Amino acid sequence: MSRWLDIIENFLASLFSNIKLVEKGLLGLEGSYVELLTILALGLLAVIPVMVPESNRQRWRHVNQIFGIAIFIFVVFTCLGVFGMIRNFYRGLHEIGRENIIALYYCSVPVTILVTSLLFGPAFCGWICPTGALQEFSGFITRKWTVPWKKAGYPFSWVVLTMALFAAAVFLLWMYRLSMTRLFFIEDSSIYWSEVLIILLFILVFRMKQWDARLRRLRYLSFLIIVFGAIMSLRITSPVHFGFAKVYDPASFLSTVMVVLAAFTIPMVWCRYLCPWRCVIAWAAKHSVRSIHFDSSKCITCGKCGEVCDLDAVKNGIIDTNECHMCYKCVDTCPAKCFSIKDNWKK
Amino acid sequence: MILPTIWARGMKNNASSPFRFFPFLIVFLHLVLLVVSSKRGWMPPFEFFSILLFVSNCVCAVITINRKVNVTMLSAIMLIIAGHAVIGHRIAPDSLTSGAILMVNILIVYVGFNIYTFLSGAHFAVFAASYLVLFYIFIIQMENAEALFILSLMGLAATARKFSLISYFWALVASFTVFQPYPWQSLAILFLIITVILSVPEEDRSPVFFIFLVCGLALLFFVLFPVFVLVFNEDVRSLINVLKVHDVKMALMRTMVTATLSTIILGVFGIPFSYVLSRVKFKGKTLIMSLMDIPIIIPQSAAGIALLRVFGHNQVVGEFFLRVFGIQFDATMLGILLAQVFVAMPFMIKSAYTAFCGVPPDLERCACTLGATRLSAFRRIALPIAARGICIGAVLAWARAAGEFGAVLFIAPYPQTAPVVVYNRFLSLGIVQTAPLVAALIIFSASLFFLLQISARLLPDIHSREDKA
């Protein structure tokens, strides 16, 4: 058993050491170039949703998501992830007027995301966010079981329970393995988030229908904890480090894997219940210029929009801006073409 | 920014517009600029970035032939690209930064073209002026801030269309540039002021109200700013560390206990008294009511000395208590209690009096006709109705008692209460060492005060219920 774990760990480590070689090449960009490139790249990725042809929009979106992962891994590896972004934003604001380059270094990603969300809707979530992309891609694998589960109104299902048990088993085993060689500090607090994720999985397997809406408020708690941590200047490592941080960080890598595994069971589970950055984006989305309009006169009440939505944000055509990721899945699947994307500058 | 807008007003129809070939004019202009500047040395002509700009301008021009795009907007963008080719490298330190600024400028043009159609002239002027002011702040005034210029322009682009959003944006920018040493404090206060001003309903928006409001808010700013500076400037860890100091911890506990006790004493003696005051007419009532203000009128130190003059252990009354009961007032908890009761009395009694005056006497008389005694009428009618007012008065009295410094210092400098600890620490260690303690005290007492206020407001309010009915 232990030997196999060793082999798996070595394999993973070798995988990432190769990636770090690529990283070195990009480190050649010095000064604030990396951040400028980030702004340009993120800006471009946010504009793309409008420019891509409608016929193949979802395919384009997945390409965009892969680019998003690439950018977040290679270009902004120092300030990626949901926790890091809030903390860095706070720190970056502090540095304005003292160390302007450092201020840009910390603020570039959050400001770009906020601004694009205010203008083009929360397209960051659906089109760029690497965490969302990872979850979505992993959700494809188990779509065969989760989609019927959702259609039936989330009854108890042995398949789903098995998936949740699998995720929990991986978590416990890995934690057992890590705890043999390592002490955990507050820096590893992303582990707490993955613990919460596992507990959430079990609650949701049994009580998804009743507790779904209420549990989504956990995001605010998560946000508050992170903001408080930023003010306390605690270094809370992001769970979305992908293990590609400068230092190989097993705790945050574990949490990344847990996010992926949990998304097998419940699609976009991190975005739904725990993502702290989503609170800010939801505010921006409320004021955003671009939004999806629903023409109820055309609607044939087939309910397909609700079925395709991974976040349960659409119900009979009415879109909850608090949850919507602007992935345009509902727009593309609607047989009656009820949805249209509109820019309302007066809003 | 304004020039392309004027063109846009005259150029609605793209297909038949006389300005259709304007993009090609710009490309020609760009070419001329390239040639001339290469001769004069204004800009590096055959650098990669410069060529890129020229090519992108050509592409833009070609796009205008085939497709029905907004020629005006595209020509404005092209003009900006040409402008960047000439002066971009003089402002930005390198071509990548210049390129980023160019991209953001294009975003600004895009936003400007979309919002000018419905924005009022004044609002659009704010938008245009904002650009210039941001340019002044980040490019001219600050050094190495081109990157921040980019970020702030993006913020401007996102917030320009709404007056509320742009005011919040400016609050953010101003507090982090102009008020730099105290960014978070000014941010909090500015957000507060903007929220207040923006939430005034349409029918109340008269200049007079606005001026009055601003006057009051300026006063509030004056009060809040020092407090916020003290609270926000401290590291949270130093706050926690200072709360771990034994003296401070004990002083906080002692303050809470004594303030609570003195509030209870005031309640037991004061509430029945204020009930009588509000119900019974007697001679000298006005005099008694105005004598009640004495603790507010006289200086706190005077109050402390007056108490010491009577209750000190070598004074007549104090000696009597010491001899007969073995109780000493000065330098004990009892002395603290005495001083706190003394200064907090008017708050308790005045608000209880007002609360009882709000209870209609007819209700009690009615209860009496139905068989209630005077006491049960007080206990079951007047007290529950006035409970909220009394509770708020008690909270005020509590806060006054907990914050009392002058009187306590004279009669009982030891054992220390929280304000006395602050004073002693200031004398012995100086202002830098005292600041975290004071910040912790402010946070502590403010949060407790708000909690008590909120819980007092949870009590039923008889007047608002009548209004609703």
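In the text below, chain A, chain B and the rest are named by the order of the sequence lines, each starting its count at 1. The shown structure was predicted, so the numbers you read here are calculated from the model rather than taken from an experiment.
No side-chain heavy atom of Leu119(A) sits under 4.5 Å from any side-chain heavy atom of Met154(B).
Heavy atoms only, all atoms of each residue included: Phe118(B) and Trp345(A) are closest at CZ-O, 3.1 Å. The nearest pair of heavy atoms linking Ser108(A) to Leu151(B) is CA-CD2, 4.1 Å.
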**Message:** Set out, in order, the CA-CA distance, both residues' side-chain angles and the distance that settles side-chain contact (heavy atoms from CB on, under 4.5 Å) for Glu95(A) and Leu148(B), then state yes or no.
**Reply:** CA-CA 11 Å; Glu95(A) 291 298 334; Leu148(B) 294 180; over 6 Å; no
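Crowding of Met73(B) atom CE: a count of heavy atoms from other residues, nucleotides or ligands under 6.0 Å exceeding 12. When the shell of 6.0 Å around OH of Tyr110(B) is examined, it contains more than 12 heavy atoms from other residues, nucleotides or ligands.
Between Trp184(B) and Tyr90(A), the two ring planes are parallel [angle under 30°; tilted spans 30° to 60°].
Below 4.5 Å, heavy atoms of chain B meet heavy atoms from Trp283(A), His287(A), Ser288(A), Val289(A), all part of residues 282-289 of chain A.
Atom-to-atom distance recorded for Ile150(B):CD1 and Thr112(A):OG1 is 10.0 Å, nearest 0.5 angstrom. If you take CG on Leu93(A) and CG on Leu187(B), they are separated by 8.5 Å, rounding to the nearest 0.5 Å. Distance CG/Leu172(B) to CD1/Ile96(A): 7.0 Å, rounded to 0.5 Å.
Contact annotation for Val104(B): neither backbone nor side-chain heavy atoms come within less than 4.5 Å of a heavy atom of chain A. Proximity to chain A is limited to the side chain of Ile240(B), based on heavy atoms less than 4.5 angstrom apart.
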